[in-house]
Amino acid sequence: MSISLVVPCYNEEENIFPFFEKCLEVFKEEKDIEYIFINDGSKDYTFGKIKELIKTYSKYNIIGLNFSRNFGKEAAMLAGMKKSKGDYVAIIDADLQQNPKYVKEMVRYLNENPDCDEVACYQEKRKESKLLIFFKKMFYSLINKLSEVNFEPNASDFRLLRRNVVNSLIEMEEYYRFSKGLFSFVGFNTYYMPYQVEERLHGKSSWSIIGLFKYAINGIISFSLIPLKFATVFGCFSFLLSIIYLLFIVVQKFTVGIDIIGYPTVVCLILFFGGLQMIFLGIIGEYLGRTYIESKKRPKYIIKNEINFNNLRGGGTNEKN
Ligand code: UDP
Ligand code: MG
């Protein structure tokens, strides 16, 4: 079985060599293995380090893809999967938070279970703040209620996929890629394997709270149309309420007479409904904006150059996808 390791790298200059050396230790006996490092527009010397790695370990099959700018981890994973040739494709971070020894375990599992198409690692114990754990739990329960596909809480992008799964993922052409949803969408038999996340070796995580929030919104919009239906449901509800209130006023007028309704009530109602309309417009706008971007069919990433041992200088390829 040939294995491809897809490694997205953003500002990982200090991690490239330790990561690769750890892999060498783990995959000593593995003959047919390719390493695909994707430099996702790093601001540091990451691509230089990838070049040095290819030069130093010239007898290994290492490929370096260099993006023209930062396109995000999702794009890097896609580029790596498209480049990969292995029967099994592993997606793994460059920062050694995900120990390559688990890839070996995943390979063993797929070898022993021909019916299984994919192994996904999940964190049994999260080493995160209580607040973040709470928000992630809320997100999964919300997205599972809103979406038709099932999202496995805590499952990460750290996975081993058979070639048929990779091919299906590559066929998904969307610009806004939310891999957690894409993995669920394509289906296949998935085994969830617990793993222990380790500390980042060097550098810092590229996620911020705002980034995570945007990512969560992107996930919901990419995999559910239900937020668009909120406006209809609420509109029907308030319409019904207004009819009941109208009837109430007519009856009141002809029985006990009518009081003048207070000014504050009117102001509150205007603000309430005005605000709600804006929120619903915003939700529609989010979907519309994405449809607009998707319709442009812009490339999801641009590869400035590709290097391997035969081509260390990496002539410009300008490959798009
Ligand atoms: N990464 C990437 N492009 C980005 C951000 C991150 O390729 O725009 C890579 C990064 O180099 C790492 C992996 O994605 O290999 C996970 O990123 P990070 O460690 O920042 O995320 P965390 O582990 O904190 O979830
Ligand atoms: Mg990390």
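Atoms within a ligand are numbered from 1 in the order they appear, just like the ligands themselves. This is a predicted model, so every value here is computed, not measured. Just so you know, residue 1 is the first one in the sequence shown, and it goes up from there.
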Hydrophobic cluster identity match, I217 and L212, side-chain contacts under 4.5 Å: yes

Quickly, which of Y191, Y88, Y192 forms a ring pair (Phe, Tyr, Trp, His ring centres under 6.0 Å) with Y109? Name it, please. Y191

Does a salt bridge link R159 with E118, judged by any charged N lying under 4.0 Å from a carboxylate O? yes

Under 6.0 Å from the CE atom of M138, do we count more than 12 heavy atoms belonging to anything else shown? no

Protein heavy atom at shortest distance from atom 14 (O) of ligand 1: K73 CD, 3.3 Å

Ligand 1 atoms in contact with C9 (distance to a heavy atom under 4.0 Å): 7 (O), 11 (O)

Would you mind checking which non-hydrogen protein atom is closest to atom 18 (P) of ligand 1, with the distance to 0.1 Å? R200 NH2, 3.7 Å

Cationic N near anionic O, under 4.0 Å, E286 to R290: yes

If you measure from CZ on F183 to OG on S168, what distance do you get to the nearest 0.5 Å? 11.5 Å

Check this for me, if you would: do K300 and E173 make a salt bridge, where the nitrogen-to-carboxylate-oxygen distance has to be below 4.0 angstrom? yes

For atom 16 (C) of ligand 1, which protein heavy atom lies nearest, and how many Å away is it? D93 OD2, 3.3 Å

Identify, for atom 8 (O) of ligand 1, the protein heavy atom at the shortest distance, and state residue, atom and that distance. N70 ND2, 3.1 Å

Which atoms of ligand 1 are found less than 4.0 Å from any heavy atom of D95? 19 (O), 23 (O)

So, D93 and the Mg ion (ligand 2): N/O/S under 2.8 Å, yes or no? no

Flag K204 as yes when one of its N or O atoms lies below 3.5 Å from any N or O atom of ligand 1, and as no otherwise. no

Counting from 1 in the order shown, the ligand 1 atoms closer than 4.0 Å to a non-hydrogen atom of G72 are 3 (N), 8 (O)

Joint hydrophobic cluster, I91 plus Y10, side-chain heavy atoms closer than 4.5 Å: no

Can you check whether A94 has an N/O within less than 3.5 Å of an N/O in ligand 1? yes

Can you pull out the closest protein heavy atom to atom 5 (C) of ligand 1? Residue, atom name and distance to 0.1 Å, please. S206 OG, 3.2 Å

Sidechain N-carboxylate O distance under 4.0 Å for K73, D157: yes

I need the minimum non-hydrogen distance between V6 and I38, along with the two atoms involved. CG1-CD1, 3.7 Å

Got the closest protein heavy atom to atom 23 (O) of ligand 1, with its distance? Q97 OE1, 2.8 Å

So which heavy atom in the protein is nearest atom 9 (C) of ligand 1, and how far is it from that ligand atom? P8 O, 3.7 Å

Just which atoms of ligand 1 are under 4.0 Å from any heavy atom in D40? 2 (C), 3 (N), 4 (C), 7 (O), 8 (O)

Test ring pair (Phe, Tyr, Trp, His ring centres under 6.0 Å), reference Y301, set F71, Y175, F67, output is F67

Residue D95 atom name (nearest to the Mg ion (ligand 2); N/O/S): OD2

At what distance is the nearest protein heavy atom to atom 12 (C) of ligand 1, and which residue and atom is it? E12 OE2, 3.3 Å

Give a yes or no on whether Q97 keeps an N, O or S atom under 2.8 Å from the Mg ion (ligand 2). yes

